[in-house]
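Lettering follows sequence order; numbering is per chain, from 1. Worth knowing before you read on, the calculation uses all heavy atoms, side chains too, and leaves out hydrogens, waters and symmetry mates.
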Amino acid sequence: MENKITENFDKIQYDLSQNIKLENSFSQDNIQLIAGVDLAYWEEDEKTIAVCCICVVDFLTKAIIETKFLKDEIKVPYIPGYLSFRELPLIINTFKTLSFDPEIVMFDGNGYLHPRNMGIATHASFHLNKPTIGIAKSYLKIGAVDFVMPSDKEGAFTDIVINGTIYGRVLRTHKHVKPIFISCGNWIDIDTVTDITLALINNESRLPIPVRQADLETKKMRKRFVKYEK
DNA sequence: GCGACAG
DNA sequence: ATCTTGTCGC
């Protein structure tokens, strides 16, 4: 049964990946606004409900410009490697409610660092038509490829290379703190991804501000909903 | 049968 | 992702 699901997903991902813009010309200088996306889940009457929050951040001042959310039932199961099919529908609908127009979007999860180079950040770029970045808190193993732990210095990183291609980067954003796994979503290169990520780190978290903020908001919203419906 | 497994 | 208490540390 799960096989049937993933077969269909594989075909959709293949079709999407044919829609390729060739340039990775996005530069840090082009950013004024960057968005962060995250979801929180809970159970309600045997159903899985999620709220998606998107936070728009001013890249220079780090100020939170806008926060929007949307709640809905989630019917697709979580299968490792197929996260986007579970979370993207709600994300796309939430994105439509934004009044600001961020130049780039940051996701909780992988982009190119994925068995089919089609993690949620990459998949989303084709729907949002914007450059994207993947930020994962743990490693999704690709085949038998392990990652090498970077040295214990802020800004230290190692690359996850497969057949000569950089799939992603293991980045230490704070000393003595577990590294994060960053990768290109689309229309951007890995060095720019690294620069942007590091520019958005503060002392509060190992995660960059946009996804950190979205994570906080998403949990606030869940508290509100769960409290009001019982 | 057992382990692995973004969120 | 979520469930969960205390606890160590800045």
Which is it for A:E66 and A:S99 under the side-chain hydrogen bond (donor to acceptor under 3.5 Å, both in side chains) test, yes or no, and what are the steps along the way?
-> CA-CA 8 Å; A:E66 178 175 41; A:S99 51; 2.5 Å; yes
Not counting sequence neighbours, list each pair that qualifies as a salt bridge (charged side-chain N to carboxylate O under 4.0 Å, His left out) and has a residue in residues 148-163 of chain A.
-> A:D152-A:R172, A:D159-A:R169
Name all pairs fulfilling the salt bridge (charged side-chain N to carboxylate O under 4.0 Å, His left out) condition that reach into residues 112-121 of chain A, sequence neighbours left out, sorted by first residue then second.
-> A:D10-A:R116
Sugar-phosphate only, base, or nothing, as touched by A:G81 at under 4.0 Å among non-hydrogen atoms | base
Once you round it to whole Å, what is the distance between P of C:dA1 and NZ of A:K75?
-> 24 Å
Atom CZ of A:F126 and atom OG of A:S84: how far apart are they, to the nearest 0.5 Å?
-> 11.0 Å
Which residues satisfy the ring-ring contact (aromatic ring centres under 6.0 Å, His included) test with A:Y41, sequence neighbours excluded?
-> none
Assess whether salt bridge (Lys or Arg N to Asp or Glu O under 4.0 Å) is satisfied between A:D58 and A:K62, documenting all intermediate values.
-> CA-CA 5 Å; A:D58 184 303; A:K62 277 64 176 171; over 6 Å; no
Distance (rounded to the nearest 0.5 Å) between A:I188 CD1 and A:S27 OG | 9.0 Å
Looking across every strand, which nucleic acid part, if any, lies under 4.0 Å from A:I120 by heavy atom: base, sugar-phosphate, or nothing?
-> base
In the 5' to 3' direction, the nucleotides of DNA chain B bounding the stretch that comes under 4.0 Å of a heavy atom in chain A are B:dC5 to B:dG7
Filtered N/O pairs between nucleotides 3-7 of chain C and protein, under 3.5 Å:
none

Could you tell me whether A:Y82 contacts a base, only the sugar-phosphate backbone, or nothing, with contacts defined as non-hydrogen atoms closer than 4.0 Å?
-> base
Just jot down the ring-ring contact (aromatic ring centres under 6.0 Å, His included) partners of A:F85, sequence neighbours excluded, or say none.
-> A:F9, A:H123
Give, ordered by number, those residues of residues 136-167 of chain A having at least one heavy-atom distance below 4.0 Å to an atom of DNA chain B; if nothing qualifies, reply none.
-> A:A136, A:K137, A:S138, A:Y139, A:L140, A:K141
From A:I182 atom CD1 to A:T197 atom OG1, the distance as rounded to the nearest 0.5 Å = 4.5 Å
Roughly how far, to the nearest 0.5 Å, is the CG atom of A:L70 from the SG atom of A:C53?
-> 9.5 Å
Which string of ( ) [ ] | and . matches DNA chain C, if you list each base 5' to 3' and count Watson-Crick or G-U pairs only when both distances are under 3.5 Å?
-> ..........
Just how far is it from atom CD1 of A:I133 to atom SG of A:C184, taken to the nearest 0.5 Å?
-> 8.5 Å
Can you name the residues that form a side chain to side chain donor-acceptor pair (under 3.5 Å) with A:S125, not counting sequence neighbours?
-> A:N186
Would you mind classifying the nucleic acid contact of A:N110 as base, sugar-phosphate or nothing, using non-hydrogen atoms under 4.0 angstrom?
-> base
When we call it a touch if two heavy atoms are under 4.0 Å apart, what does A:A40 touch: a base, just sugar-phosphate, or nothing?
-> sugar-phosphate
Pick from A:T67, A:I34, A:L98: which one makes a side chain to side chain contact (heavy atoms under 4.5 Å, CB included) with A:V56?
-> A:L98
Taking every heavy atom of A:V211 against every heavy atom of A:L207, the minimum-distance pair comes out as CG2-CB, 4.1 Å
Can you name the closest pair of heavy atoms from A:A50 and A:L39 and give their distance?
-> CB-CD2, 4.1 Å
Given the rule that a pair is Watson-Crick or G-U wobble with both distances under 3.5 Å, how would you write DNA chain B in dot-bracket, using | for pairs to a different strand?
-> .......
Distance only, no hydrogens: is a donor on one side chain within 3.5 Å (strictly under) of an acceptor on the other, for A:Q28 and A:T192?
-> no
Please set out all donor-acceptor pairs under 3.5 angstrom arising from side-chain atoms of residues 101-112 of chain A, sequence neighbours excluded.
| from | atom 1 | to | atom 2 | distance (Å) |
| --- | --- | --- | --- | --- |
| A:D101 | OD1 | A:K130 | NZ | 2.9 |
| A:E103 | OE1 | A:Q32 | N | 3.1 |
| A:E103 | OE1 | A:L33 | N | 2.7 |
| A:D108 | OD1 | A:K137 | NZ | 2.8 |
| A:D108 | OD2 | A:K137 | NZ | 3.3 |
| A:N110 | ND2 | A:L113 | O | 3.4 |

Please list residues of residues 207-221 of chain A whose heavy atoms come under 4.0 Å from any atom in DNA chain B, ordered by number; otherwise none.
-> none
Under-4.0 Å salt bridge between A:K220 and A:E217 = yes
